[in-house]
Amino acid sequence: MEQIMGVINLGNEKDLLEDLTKHRCQASVPFGGRYRLVDFILSNFVKSGVHNVGVFARKKYRALLDHLGSGKEWDLDRQKDGLFILPPHDSTESYKGDIQHFYEHLPYFERSKEEYILVTQGSIVWNINFRHVLEEHKNQGADITLIYKDYSQEEKAVYHTLDVDDNERVQAVHLEKTINQGDNVFLNTYLMKKSLFIDLMKETYEQGKYDFVTDVIRANLNRYHVQGFHFKGYMPFIHSIESFYNHSMNLLDPNVLQQLFYDHGFIYTKVKHGPPAKYLQGSHVVNSLIANGCTIEGKVENSILFRGVKVHKGAVIRNSIIMQKGEIGEEAFLENVILDKDVKVSKDRILKGEEIPTVFAKSSHL
Amino acid sequence: MEQIMGVINLGNEKDLLEDLTKHRCQASVPFGGRYRLVDFILSNFVKSGVHNVGVFARKKYRALLDHLGSGKEWDLDRQKDGLFILPPHDSTESYKGDIQHFYEHLPYFERSKEEYILVTQGSIVWNINFRHVLEEHKNQGADITLIYKDYSQEEKAVYHTLDVDDNERVQAVHLEKTINQGDNVFLNTYLMKKSLFIDLMKETYEQGKYDFVTDVIRANLNRYHVQGFHFKGYMPFIHSIESFYNHSMNLLDPNVLQQLFYDHGFIYTKVKHGPPAKYLQGSHVVNSLIANGCTIEGKVENSILFRGVKVHKGAVIRNSIIMQKGEIGEEAFLENVILDKDVKVSKDRILKGEEIPTVFAKSSHL
Amino acid sequence: MFKKETIAMLLAGGQGTRLKGLTKKLAKPAVPFGGKYRIIDFTLSNCSNSGIDTVGVLTQYQPHILNSYIGIGSAWDLDRKYRGISVLPPYQGQKGGEWYKGTANAIYQNAYYINQYDPEYVLVISGDHIYKMDYSKMIDHHKEKGADATIAVLEVPWEEASRFGLMNTNDTNKIVNFEEKPTNPKSNLASMGVYIFNWKVLNQFLLEDEQNKLSSNDFGKDIIPAMLKKDKELYAYEFQGYWKDVGTVKSLWEAHMDLLSDDPELDINDPTWKIYSVNPNQPPQYIASKASIKRSLVNEGCLVYGNVENSVLFYGVYVGLGSTIKESIIMPDVKIGANVTIKKAIIASGTVIKDGAVIGDDSGEITLIVEDLGIAPDSNINKQLT
Amino acid sequence: MFKKETIAMLLAGGQGTRLKGLTKKLAKPAVPFGGKYRIIDFTLSNCSNSGIDTVGVLTQYQPHILNSYIGIGSAWDLDRKYRGISVLPPYQGQKGGEWYKGTANAIYQNAYYINQYDPEYVLVISGDHIYKMDYSKMIDHHKEKGADATIAVLEVPWEEASRFGLMNTNDTNKIVNFEEKPTNPKSNLASMGVYIFNWKVLNQFLLEDEQNKLSSNDFGKDIIPAMLKKDKELYAYEFQGYWKDVGTVKSLWEAHMDLLSDDPELDINDPTWKIYSVNPNQPPQYIASKASIKRSLVNEGCLVYGNVENSVLFYGVYVGLGSTIKESIIMPDVKIGANVTIKKAIIASGTVIKDGAVIGDDSGEITLIVEDLGIAPDSNINKQLT
């Protein structure tokens, strides 16, 4: 029977993608030609047999609501269980921390039937089967399991890191502002018995403390058996426009494509029912990802075209990301740019970004 | 094909039901033993063939979200169209008026395919077929049709009223604080072409005016053909705890029951899958409405029991409304009270209200 | 298609002739039960509550009402995008077709459907029985034992044992022999008609069984004995709780009376194990000023002006002023006039009982009234009419 | 049940023998079309887009893949709680059953299903044709004329007219006579196989037609002529636009080539009239550095390293380095190795083409490769293989 309930905790997410997260939360940022970031965690839940998913939305979640709809695309349109959107009680009050938000929805946790709870973020790009995490959690006799990923380079970015011993048991949790190669980055994803989660959450709330990672996990490392789970699959860290762009471009490597989209089953997203991409006589497309509903008469190189993009005759697109329904006029020239949804580029227009590409806002006419 | 899109405009609703609307919007107040007020308008939409319903929620809509779920109960879990929850962009900004809220969701109106739009409230109890309203709208060659109901008694209550001529054409819109018998109370429900709605909304927004009824309808009575539609069916006006209680008690008249629940087809609501009501050996139930999932061993007179209420041995309930999952202990005595959801009354407890009944808040233990 | 570890095949073709007029236009699994359900709701709810979301429902006799009742499976949360419920009538080939020859043949004919999901285990159940059971626990037991097949059993009184398929087990629950309805029972462990098979093993036995012209293609009579003969690992899984085959008018009536006790063995009001059914969206029941209701189940949409005692009223029932209903089952949309007396009777859906009619008596026999008979005023009917 | 003004009955039992190997394991309506669809998607999308939400799909030949493709109808928004899509195989009675004798008999056998909804009108359509049509406008036309039946017609070239059912109409569009595939056509207004009937009238004619042992129980051959004979009000409704019966390998190929023009008559990229299909959830297509694609349709899930011209690639197709595909249709999950040449061919789903293979030629014939043939390296195949 149902063992794990899933929680997508958006309250702590920082909107780090500049213009892309100006009017939407990071979980609903488009990625990979036809997805939004939240599709990855939702698909992981579906494939792990998790049928009860609570989305703790806090702000800028209108696009997210629209994307999630009834939850049908992820088979979460259910009578019992399914998808629950759980905003804070009163959005005008100040947000003290995720524990407050959880506590407001205590009855949701109490009435859910699952024995375990998995809390995670809404914007990690990965393929993980939480059944394996649960198995390992049980095998280790852990009270709490924290999922982490090794970091591959030195970079300025704010993350919690974990010290683990030889048995993967967590010794310490640090908040870091610069991450180094080999660091164990905590993915804000943790599994425990639901009953323990409720007890800890209530206890901490009543003490007037509100941050789950700091005030519950970090504060209880000695009191409980806290285990690490090292996620070893492909996982890009997206925490800036630069990393968003670079990891998007990495998808043009067929090996990355294979790992992310084929090896673990497909990723579910909202279906748009566009026709196959249409290449006209003059089209020249190389080393690019093209989604359905596109019509291409121009030149596309090293780029990603989301669903429903039109590239008119003579237009050139290089090293760029064009989101849904973009339209590039005749003889326009684009290089190193990211166009958010619905951007129209006029005939003959030239748009050139730098190494860190320029982002053009949703629905702009250039 | 689809002709009318429906909008449930919760932005203007006043939460007049004291404790019952303290933590929920009026549209989600329980009514009639197994419904919430919003079920009536949703069922009207379903039965009128309206498949595209936008809910402009503003505040305290968490219980509403939970009740609506994926929209499946009203057959609104659809790919194209269906149910859309549309909160304000930024809930922390001050609310200037419904036009601002509509304007923020302009793309929703623009991409909807229906030719007509019907805007209404979320908490009217009625059975109306909007197809007939549209027919009449076309027959009269109207630009805008306003639905109104005649008022049957003098009362202090804030409503807009309409002056109509012999051809039901609207001559004036007034804001009244005392309503008299025979007044035409405007039900904040209006029909027009979607294109006209969008034009008027944009135009008025750009003028810096934000109230649709005042700044669009009232201001344009001379410019457009504004027609009245007199709703003649059963419709209780609920604008206070007193009127809520009295109209609930009116449901104990089988004629009222017949008009509201049988003559126009059933009202859809969230299904709970409770068993039939169970009457034990000692039960004594007269002149009452009993929902499924109830277990009754005591005495129930002139009362309404919502789903899953337990009445223990020797308990007495008179002239009262007991909402979902209430539990009345042995030998307890209740008269003229309204118990919100999940209230537990201890053994031997006596609760007596006055003519205007006392309301006991959700989940209290008395 | 998704691979599924376990899928369920629900046999719902039963004719139920001993339910007489009730099954004239209905397959037995579609017969109303318990004030708001149909018999099949219990097994479908078991599947849903056990986390089994892929269910093939094998229909044949009078499938129409059953088909439209099941619809896309929404009521039981089986309207899944990638799995869910599928109604499987006997396949009609180009050169004609025929009804399922037996329970085993019904599964054999739908091997195509099963193979789509590439399951490890197939749960075979029947839509004829009233019980609440967590199949996931039985599957766990099946896995633990490393069984080829597991049969759910329950202890029955020795005097009734010869009506069942019975098995002898050793002290590890392994089945050592199986007898289908023996005249001299050696065991009182009866099969509930709930089986879990390793699909690969079952498939092989089904193929062989089809080759055997003498076989009746039945699980109890043919497949289980053949498996035992070949020394397959068959285990019994003991079920504790209420289980009833409501196959006769009398047992159907008894099962309803069972529900009326203060603390019935079959709890239909358990929020952790809801019994799902298609909801007709009716308003709450109205109990009028002069009505009296004792020890009864009454569903939504009823209007009661008379007296109801030890009875079950389905949705949409009207009971007129001065009428008395005792120890009876009143199925959906029955309209009972004024001053009617009904005792120990089952009134089938849609029947109209006119003022002053007297139905049933104390003789011990159950009176069955089936729709459209239009009982005349003051008529006295106390035997089964159909 | 809800009363519905109009319900649709979709005939999907077609064997499609002239599609040769493509319909060996598939009913014709389930044949892949247009890079991501199956043929039946066009009529189901027409229903959905026309606001018709109650659709009975009549299956018989090779129904399995069609059944599991349709599922509960989610793709076309036909998974409605109170209506939606129902798959209706021939009914298998206790004494055996038989295939639908003809199009009219198929409707006759499902009168029970239709009567559940008590409709005014029944729209009868076929799942074999590619076209976009707003049936609601045809229904309006039917109502305006006060017709008993309305038949959608389109003008066909005179030289092809004798392949169709043809009708003569007067100046109010009333049908004065109807000929099924006449040798000497007197009209070029051909029936599209799209009918609207007043259900009460049709039901009467179906009952009479069943009594007639000599009838072939077909709409075109029997029902329409019988209605005309009895002076019923039959009207033609003229359809403008693309319509194609993709009943042969050649016409299937042509219909695909039609889609490749810059501004095709059949616009499948119209957001106001989407063509719905079951979405396999595949990632975007990847076009590699040395690939070249011109005048083609390519679906999600493709990986293209070679050259593609005037072709249609369904989902999951792999085209190896140095391969060239021209004027061809590559169905789902076909894997094409390196240095392959394919010209004017249809490659059926799941086929693996090994390195260096040469398939098809300029002879004008279309080469059809059906799954599992495992084309060997450097083989040269230029005729139809199955």
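So that the names make sense, note that chain A is the first sequence line, chain B the second, and so on, each numbered from 1.
Between chain A and the residues Glu73(B), Arg62(B), Lys72(B), the most heavy-atom pairs under 4.5 angstrom are made by Arg62(B).
Contacts between His23(B) and chain A at a heavy-atom distance below 4.5 Å are absent for every atom of the residue. Of the atoms belonging to Tyr61(B), it is side-chain heavy atoms, and not backbone ones, that fall under 4.5 Å from chain A.
Using a 4.0 Å cut-off between charged side-chain N and carboxylate O, Asp66(A) and Arg36(A) make no salt bridge. Between Arg24(B) and Asp19(B), no side-chain nitrogen of the basic residue sits less than 4.0 Å from a carboxylate oxygen of the acidic one, so the salt-bridge criterion is not met.
Between Tyr35(B) and Phe261(B), the distance separating the two ring centers is shorter than 6.0 angstrom.
Residues Asn9(A) and Phe212(A) are not in side-chain contact: their nearest non-hydrogen atoms beyond the backbone lie 4.5 Å or more apart.
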